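Fair warning: this is a prediction, and the values are worked out from it, not measured in the lab. Convention: sequence-line order gives letters A, B, ...; per-chain numbering from 1.
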There are 2 protein chains.
Amino acid sequence: MKLITRNTDYAIRALCFIARKEGKVVAVPELVKALAIPRPFLRKVLQGLTKKGFVRSYKGIGGGFMLAKAPGRIYIIDVAGTFQGPLRLNECFLKKEPCPNRKVCCLKKRIDRLEKYLSSELGSITIGELLKG
Amino acid sequence: MKLITRNTDYAIRALCFIARKEGKVVAVPELVKALAIPRPFLRKVLQGLTKKGFVRSYKGIGGGFMLAKAPGRIYIIDVAGTFQGPLRLNECFLKKEPCPNRKVCCLKKRIDRLEKYLSSELGSITIGELLKG
DNA sequence: CTAAATGATACCATGTTAGTATCATTTTGT
DNA sequence: ACAAAATGATACTAACATGGTATCATTTAG
Ligand code: FES
Ligand code: FES
């Protein structure tokens, strides 16, 4: 049972590293050295972060990535969502169809409660906070 | 992002159904009819539950399955653990090796806290409670 | 002895995760 | 103009996990 996959994890680490450089443009080679993440994979992850507007990218010599928002406004649940889709702890299906029990299922109710909690907890963690740690 | 997979879900539903039969032995055909779960898959799930001691099985004509514990003592986190391994929200690895940051990583600390909460919440739900719902 | 059940096990199909490879495009410095 | 250094886009592959099947062996009630 896991919740956070590799690309999300890498993304968070990269964002933290970039954030610490406050305003400087950071290129992939530097990130690879610092974080020991496989280069092509890291590139893919960064492209994802760029598309979703977490970072801004600059091409050409001297190019690289910069945060597009203040670190305190980058919520890790959104980063996770970018790579893993929305949080949905229990997708109960009955042979590809949505489960007919859904309305009454008591387990679902409790899991939904858990999901809300998890989501609000994860929703309160920002890159900015991680840096302080 | 999901946390509960199909076999766990099926297991829980089967346990609930068996629990409601209080002491009677329930065979696969009856479960298949009631729960609309593919038969061979359900068999595999039940065999898992038997091995882990959640249910007792009886072979031969008139055989089937019975709860091996009181419904109030079957915790769904244990059921989930049977099929999905222990709860481990974030397994941060660096190229197959455990991450060297682990000791200081602030994100890990927060996720660990979340994990404890989740685990204690899930750990408080039993089959017995689900039946009341 | 047979029918009806589970036990054990091997297998298969699909989807997800993790990672690679390639080529196109942009930008800067000379 | 041009080469080098960066990202963009995209397609591909390998390994693993999930969901599900199939088969045969074993037990047991009648
Ligand atoms: S059994 Fe389907 S939602 Fe709970
Ligand atoms: S970066 Fe590895 S445990 Fe957080």
ask   = Which residue pairs satisfy the salt bridge (charged side-chain N to carboxylate O under 4.0 Å, His left out) criterion with at least one member in residues 37-59 of chain A, sequence neighbours excluded?
value = none
request  = Establish, with yes or no, whether the OP1 or OP2 oxygen of C:dG7 is under 4.0 angstrom from a side-chain nitrogen or oxygen of B:Ser57.
outcome  =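 Yes.
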ask   = Does B:Tyr10 put a side-chain nitrogen or oxygen below 4.0 Å from OP1 or OP2 of D:dG20?
value = yes
note = side chain to side chain contact (heavy atoms under 4.5 Å, CB included) with B:Phe65: of B:Leu15, B:Val25, B:Leu46, only one passes, and it is B:Leu46
Between [atom2] on [N] and [atom1] on [X], what's the gap in Å once rounded to a whole number?
{"X": "A:Leu35", "N": "C:dA18", "atom1": "CG", "atom2": "C1'", "result": "17 Å"}
{"X": "B:Ile4", "N": "D:dG19", "atom1": "CD1", "atom2": "P", "result": "12 Å"}
{"X": "B:Phe65", "N": "C:dA4", "atom1": "CZ", "atom2": "C1'", "result": "13 Å"}
{"X": "A:Leu3", "N": "C:dT17", "atom1": "CG", "atom2": "P", "result": "11 Å"}
{"X": "A:Leu31", "N": "D:dA6", "atom1": "CG", "atom2": "P", "result": "12 Å"}
{"X": "B:Asn7", "N": "C:dG15", "atom1": "CG", "atom2": "P", "result": "17 Å"}
{"X": "A:Leu49", "N": "D:dG8", "atom1": "CG", "atom2": "C1'", "result": "14 Å"}
{"X": "B:Phe83", "N": "D:dT18", "atom1": "CZ", "atom2": "C1'", "result": "13 Å"}

query = Which letter, B, S or -, goes with each nucleotide of nucleotides 20-30 of chain C from 5' to 3', with contact meaning a protein heavy atom under 4.0 Å?
reply = B-B--BBBB--
ask   = So does A:Glu121 pair up with B:Arg113, basic N to acidic O under 4.0 Å?
value =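 A salt bridge is absent here (no side-chain N lies under 4.0 Å from a carboxylate O).
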inquiry  = Between A:Asp112 and A:Lys116, does any NZ, NE, NH1 or NH2 come within less than 4.0 Å of an OD or OE carboxylate oxygen?
reply    = no
inquiry  = Distance check, rounded to the nearest 0.5 Å: A:Ile4 atom CD1 versus A:Asp9 atom CG?
reply    =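 Reported to 0.5 Å precision, the distance equals 7.0 Å.
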key: Per B:Ala27 side chain, nearest of listed nucleotides C:dT6, D:dT18, D:dT7   = C:dT6
inquiry  = As a test of reading the structure: which of C:dG7, D:dT7, C:dA18 is closest to the side chain of A:Arg6, going by heavy atoms?
reply    =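 Looking only at heavy atoms from C-beta outward on A:Arg6, the closest nucleotide is C:dA18.
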note = With sequence neighbours left out, the residues meeting side chain to side chain donor-acceptor pair (under 3.5 Å) with A:Thr8 are A:Gln84
request  = Evaluate the side-chain proximity of A:Leu42 to A:Leu31: yes if any heavy-atom separation is below 4.5 Å, no if none is.
outcome  = yes
